[in-house]
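Below is one structure, written out as structure tokens, with a few remarks after it.
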Amino acid sequence: MLAAEQVAEHVAEHVGWFLDHAFLIPLVPAVAFAIIILVGKRLPMKGSEVGVASIFASLVLAVGVAYQWIQRSETTVEPVIRKVVWWQSGGVQFSVGQHIDGLAVVMLLLVAFISTLVQIYSLEYLRGDRRYTHFFAALTLFSGGMLMMVLAENMVQLILGWEIMGLCSFMLIGHWWEEEANSRAALKAFWTVRVGDIGLLVGTGIIFFGANAFAQESGSNGFSIAAINEWALKDTGASHTLLLWGCVALFIACIGKSGQFPLHTWLPDAMAGPTPVSSLLHSSTMVVAGVFLVARLYPLFHTGLDINVAGQHFNLIAVIGGITIIIAAALAFVQTDIKKVLAYSTVSQLGYMMMGLGVGAFTPAVFHIFTHAFFKCCLFLCAGSVAHSGSHHSFEMKKDMGGLARKMPITAACWIISTMALCGVPFFSGFFSKDEIIDNAHNNGYKVFWIIGLVGAFMTTAYMTRATYLTFFGTARGAAAGVHHDDSHAVAHDVHDTHDAHDAHDAPDVHDAHDAHAGPHESPALITVPLVILAVLALAAGYLNAAPFHIEKFTEWFATEGREPFPELASAAFEWVNALPSIVLVAAGFIVSLFISRGLYGEKSFFLKGITKRSRPLRAGYTFLYNKYYLDALYENVIVRAVAYPISKATYWVNQNVIDRTVDQVGLTGQSVGNWVYRNIDQRVVDGAVNGSGAAARGTGSALRPIQSGKVNQYGALLFGAAAIGALVLVIVNT
Amino acid sequence: MLINEFLLLGAVLFCIGIYGVIARKNAVMVLMAIELILNAVNLNLLAFALRNGSPDGHVFALYVIAVAAAEVGVGLGLVLLIYRNKRTIALDELSEMKG
Amino acid sequence: MLAETLVAQNISFGIIATVMVVGAIRVVTSKNVVHAALWLVCVLAGAAAQYLLVYAEFVAITQILVYVGAVMVLFLFGVMLTRARIGNENDLNNKNWALGIPVALTMFAAMAIASTAVRIDTQAVSDAIFKPYLLPFWALSFVLLVAVIGAIVLARKD
């Protein structure tokens, strides 16, 4: 049942139960989703246990897959493809199945693992929520969608998973839709991503028609991912223009999904959802999907966009990735909402991944997906933990945080470890992945992107230092100082909780009650345990591929490179000298940012404080910082005005001078024509005709009226009589 | 061959059914006549199936039987409703639709 | 369809057909509603017997079960619930019942010519009509479901 003919040779080879049955991994959450939706509310834990159990089962399966894949990778790295045809139309067999290779294995493991932790965390975080059951249902399906996409055997299946994620992200971001801002954010996320999705459909179509003839020779079709990659890589006489436009279309989808410039605007707004959702969305699912798509079809992009071709210093993926790194990192400085800082940080890191893929650093980019998932997930969950127990559901760093390190030591420690990993401090996981990307950009001759990467590293360190300082150090402010003020956030969240007053099970919220009088404190174990696990991984995950120590397990186990079909990629040999610039810049970023942060937000009478009041240039600098580097203003006033004002002015001018006048003229002409028509045609010709036809209709009506007797039998007689006569006519005509 | 006789028998039943639909006043009687028509169709279907030696006609006849059952159910429901509202099921007295 | 069986088949067909035609005529002419219903039973059972003659055993059994078993009971309930008079009724027919005769005869003429004189290639017709039938079967089950619900809704007292 599992395999069509063309993969018969793979079937013959015994690859182990888990690898053969990897398709179960997304299936389990999908079934669990149905169960939660149908009977979840009646279960003792309102369906959440089903969600956690199913994701955990997926994790177990994924671990099994990874184990068997590692075992297998010693001999071969051929992908394990299994498929079954479910629909046949127009000579095309639509199949559904699995395409397990190193990339898929990494992603399966990652998604299942992060989802498990996030679900456990949500048990506590969402406790007492009005739509607790639905939240878990959507979360489970969300993970299922991502898993489905990851192991998709063909583009149709991939699109299915992709769209399931889009739908679930809509449901989850808009989870608290009673607030208009949230539902608007959900809509914005959905539609922005949809804009990109059109590219996915178009690109899939282009590639299908390009690759179909080639693929059919080997018995599959132009939707098969393996066939597309092979087709793109081999010189099959495919038009390069076709490949190029297919790639561009597909990459537009990736821009939308992965929040790349210029479609990144939905991501920070998506913070409106519950924090676990942000965490899952930003670390391992959804946004990674775009990067994953590029990695999945890497041979296609490699050929189509001329990656790593001598003399080519730019390509679409790298340029977009590079722009995104800088733009997003710059925006992260001006945020006061801790989750928004993290959101822009994610955008920026996704830029790194894209840029890595764009400069031919495939394995480092995939490795960065891997390490980034851990520390970014951890950071989000830390932010959630702070909001949950430290700042009374506020995410405002300036208003409600500060000095929380002493009150929430575990959260703070996890945050700091993850931050260091994110910044790429040596010997933390981010160092081994991000610096590899930067290093490879240099090695492959992409000088511009090497510099962008370094600048990005500096900026990352700077904004994360700022956020860390604001949240965990300095003076305690607002809710963090124990002030129970009814700012909008607190009120808003209280609203969510009191919705459930009718629900005996989760009555007025326990933690809300103690928040009011106990002030900031450490979060319960259900929250801190996932944090600690993730923090440990943020520290340790990098050692799977620690180039400085010549550990290359990740490459050995999971790399897709070095096997057919895959492009040949150069890999930079690690030199401490090459890593030096980024280390120095990270250190510089830390020191500069700490200095400025202490100066601006510190409680002690630091000399900067007075100075900003006294010295004119420094006051200017202070104002510059205080006004969020004028970046908002830049966006709002300069860019928007520069673009929109001339356009609107021109439009207005055209409106007033051209259109209005034309309209006026047309109106005047029309009026006189109308008068004439009214006098001559309307009154005489038309009215006469109308009156005449009215009379005719009345006459016909009264003639036909007796037929409408209202009697069923008579209608029947007419019907059958007409049918009989019609039949007779037919018979006569046919003889 | 029996086929033509079957078709003829079907035609006879069909036309008797038509007569019943037109001539009868009682709504239940009209429904009975409709049953006659449906059965005539079934006879035709089975005759064709015999000629073709395929089970498809049988399947269609089964569809017709099932649909006829549904039709009678709904039809009698309607008749009951009419009776409840009008205290009569004489069709010539139900002429609200008269134009 | 085989030559040897034709004699027996023809004879039984003739007998049953006669019964059916007579029964059908009585259905549409009887002055007693209950009698009409019983004559209808006769016709339906005859049809079932005819089905047996064309080797459609399953359809025949279904015919008996559904029609004679279920539909007729429904009819009798319908008669009962609408307080039809038990016994003869003189005004069961419309005023212009005679209109039915010419219409029915015209129809019969057309059909008789079509099924005897005109050589329509029935093979082609049935080929055209009968295509794989799984989907309509599903659709049918929905029709039945809707009908059941509809009948309940219509006949409810409130």
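Below, read A as the first sequence line, B as the second, and so on, with proteins coming before strands; counting in each chain starts at 1.
- Nearest heavy-atom pair, C/N32 versus C/V34, reported as atom, atom and distance to 0.1 Å: OD1-N, 2.9 Å.
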Q. Please walk me through it: do B/E35 and C/Y67 pass side chain to side chain donor-acceptor pair (under 3.5 Å)?
A. CA-CA 9 Å; B/E35 290 306 307; C/Y67 269 112; 3.1 Å; yes

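- Looking at B/L9, the atoms closer than 4.5 Å to chain C (heavy atoms on both sides) all sit in the side chain, from C-beta outward.
- Here the straight-line distance linking atom CE of C/M20 with atom CG of B/L13 works out to 4.5 Å at 0.5 Å rounding.
- Neither the backbone nor the side chain of C/F77 comes within contact range of chain B, judged by heavy atoms closer than 4.5 Å.
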(Q) Test side-chain contact (heavy atoms from CB on, under 4.5 Å) on C/V66 and C/V71; report intermediate values, then the result. (A) CA-CA 6 Å; C/V66 174; C/V71 173; 4.2 Å; yes

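- When all heavy atoms are compared, the tightest approach of B/V21 to B/I34 is CG2-CG1, 3.9 Å.
- For C/S30, the parts lying near chain B are the backbone and the side chain together; criterion is any non-hydrogen pair under 4.5 Å.
- In this structure, chain C has a heavy atom under 4.5 Å from the side chain of B/M29, while its backbone stays farther away.
- When B/V67, B/I65, B/I82, B/L81 are compared by the number of non-hydrogen pairs under 4.5 Å with chain C, B/I65 comes out ahead.
- Annotation for B/V79 and B/I89: closest pair CG1-CG2, 3.6 Å, computed over non-hydrogen atoms.
- Nearest approach of B/N44 to B/G10, heavy atoms of both residues: OD1-CA, 4.2 Å.
- Chain B forms more heavy-atom pairs under 4.5 Å with one residue of C/I25, C/I101, C/L74 than with any other, namely C/L74.
- A 4.5 Å side-chain heavy-atom check between B/L46 and B/F6 finds every atom pair outside the cut-off.
- For B/L31, the parts lying near chain C are the backbone and the side chain together; criterion is any non-hydrogen pair under 4.5 Å.
- Contact annotation for C/A70: neither backbone nor side-chain heavy atoms come within less than 4.5 Å of a heavy atom of chain B.
- No donor-acceptor pair under 3.5 Å is formed between the side chain of C/R26 and the backbone N or O of C/A36.
- When the candidates B/A33, B/A90, B/A61, B/A66 are compared by the number of heavy-atom contacts under 4.5 Å with chain C, B/A66 comes out ahead.
- When every heavy atom of B/G17 is checked against every heavy atom of B/L36, the shortest pair comes out as CA-CB, 4.1 Å.
- Contact annotation for B/L76: only side-chain heavy atoms (C-beta onward) come within less than 4.5 Å of a heavy atom of chain C.
- Residue contact with chain B, scored on non-hydrogen atoms closer than 4.5 Å, involves the backbone and the side chain of C/A37 alike.
- For a residue to count as touching a neighbouring chain, one of its non-hydrogen atoms must lie under 4.5 Å from one of that chain's; by this rule B/L78 touches chain C with backbone and side chain alike.
- Taking the six-membered ring wherever Trp is involved, the centroid distance between the rings of C/F108 and B/F14 does not fall below 6.0 Å.
- Looking only at heavy-atom pairs under 4.5 Å with chain B, the residue among C/V103, C/I149, C/T29 that has the most is C/T29.
- Side chains of B/L62 and C/F58 form a contact here, defined as non-hydrogen atoms less than 4.5 Å apart.
- Residue-level contacts of residues 38-46 of chain C with chain B, in order of numbering, are C/L40, C/V43, C/L44; threshold 4.5 Å between heavy atoms.
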